[in-house]
Amino acid sequence: ERNQADVSEAKLGRTDLIFLIRFRHCCLLRNQRCLLAYLYDRLLRIRALRWEYGSVLPNTIQFHMSAEEVEWFNRYKKSLATYMRSVGGEEGLDLTQDIKPPKSLYIEVRCLRDHGEFEIDDGTTILLKKNSQHFLPRWKCEQLIRQGVLEHVLS
């Protein structure tokens with residue numbers, strides 16, 4: 001507002017205000033660039049949360065997000081899900097499953113909390129109880145590892 005008032009005065013002939021007007025304008029542009037960079041960084045971090053935590057964010061993380069950020073996360077989640085269903089045949093392809101290439105197809109895991117029954121592709125049902133250990137296919141339990149239900153036991 002002060003800049004606009006000074007611009008009106010400069011149009012009436014006060015040329016000594018031109019440098020002050022330019023300085024304020026450059027400060028406004030710099031602040032705008034800083035805000036946009038901050039918002040873009042948050043957007044990248046929110047996108048990374050989808051790949052790290054899956055389609056459901058923990059409440060502790062969601063608490064620190066604005067309503068617009070939660071809405072953007074949900075739209076990104078839906079867009080990614082639509083793409084993954086369109087790729088890879090009937091069932092689609094879960095791109096979030098193997099973030100790092102696996103060294104082996106089966107891993108030993110320990111259950112950190114009671115989770116209930118867990119079904120493997122061959123139809124076998126396993127009861128995931130706290131402190132129980134199992135030898136499971138990596139791709140079936142990687143999501144549960146990220147959620148904190150299972151822990152990878154290293155030999």
Should [X] and [Y] be regarded as members of a common hydrophobic cluster, given that ILVMFWY residues are connected when their side-chain heavy atoms come within less than 4.5 Å of each other, either directly or indirectly?
{"X": "L49", "Y": "V70", "value": "yes"}
{"X": "V153", "Y": "I107", "value": "no"}
{"X": "L43", "Y": "I61", "value": "yes"}
{"X": "F23", "Y": "L29", "value": "no"}
{"X": "W51", "Y": "I145", "value": "no"}

(message) Going by ring-ring contact (aromatic ring centres under 6.0 Å, His included), name the residues that satisfy it together with F135, two or more places apart in sequence or in a different chain.
(response) Y106
(message) Applying ring-ring contact (aromatic ring centres under 6.0 Å, His included), can you list everything that pairs with W72, at least two apart in sequence or on another chain?
(response) Y76
Return the [atom1] to [atom2] distance between [X] and [Y], rounded to the nearest 0.5 Å.
{"X": "D6", "Y": "E1", "atom1": "CG", "atom2": "CD", "value": "12.0 Å"}
{"X": "R24", "Y": "N3", "atom1": "CZ", "atom2": "CG", "value": "5.0 Å"}
{"X": "E151", "Y": "E108", "atom1": "CD", "atom2": "CD", "value": "10.5 Å"}
{"X": "L105", "Y": "R138", "atom1": "CG", "atom2": "CZ", "value": "8.5 Å"}
{"X": "L112", "Y": "L144", "atom1": "CG", "atom2": "CG", "value": "10.5 Å"}
{"X": "R85", "Y": "L80", "atom1": "CZ", "atom2": "CG", "value": "10.0 Å"}

If I compare all heavy atoms of [X] with all of [Y], which pair ends up nearest, and what's the gap?
{"X": "R42", "Y": "M65", "result": "NH2-CA, 4.2 Å"}
{"X": "E52", "Y": "R146", "result": "O-CD, 2.6 Å"}
{"X": "C111", "Y": "K129", "result": "CB-O, 3.0 Å"}

Looking at [X], I want to see if its [atom1] is surrounded by more than 12 non-hydrogen atoms of other residues, nucleotides or ligands under 6.0 Å.
{"X": "N59", "atom1": "CG", "value": "no"}
{"X": "H152", "atom1": "NE2", "value": "yes"}
{"X": "Q4", "atom1": "CD", "value": "no"}
{"X": "R75", "atom1": "CZ", "value": "yes"}
{"X": "R45", "atom1": "CZ", "value": "no"}

(request) Report yes or no: does T82 contribute a side-chain atom to a donor-acceptor pair with the main-chain N or O of K78 at less than 3.5 Å? (result) yes
(message) Tell me if a side-chain donor or acceptor on D41 pairs with a main-chain N or O of A37 at a distance below 3.5 Å.
(response) no
(request) Please report the C-alpha distance between L150 and H134 in whole Å, then the side-chain angles of each, then the deciding distance to 0.1 Å, and finally whether the side chain to side chain contact (heavy atoms under 4.5 Å, CB included) criterion is met. (result) CA-CA 10 Å; L150 297 176; H134 307 278; 5.5 Å; no
(message) Please evaluate residues L44 and R47 with respect to the criterion side chain to side chain contact (heavy atoms under 4.5 Å, CB included), reporting the C-alpha separation (whole Å), side-chain torsions for both, the decisive distance (0.1 Å), and the verdict.
(response) CA-CA 5 Å; L44 293 178; R47 185 175 68 183; 3.3 Å; yes
(message) So L93 and M84, do their side chains get closer than 4.5 Å, heavy atoms only?
(response) no
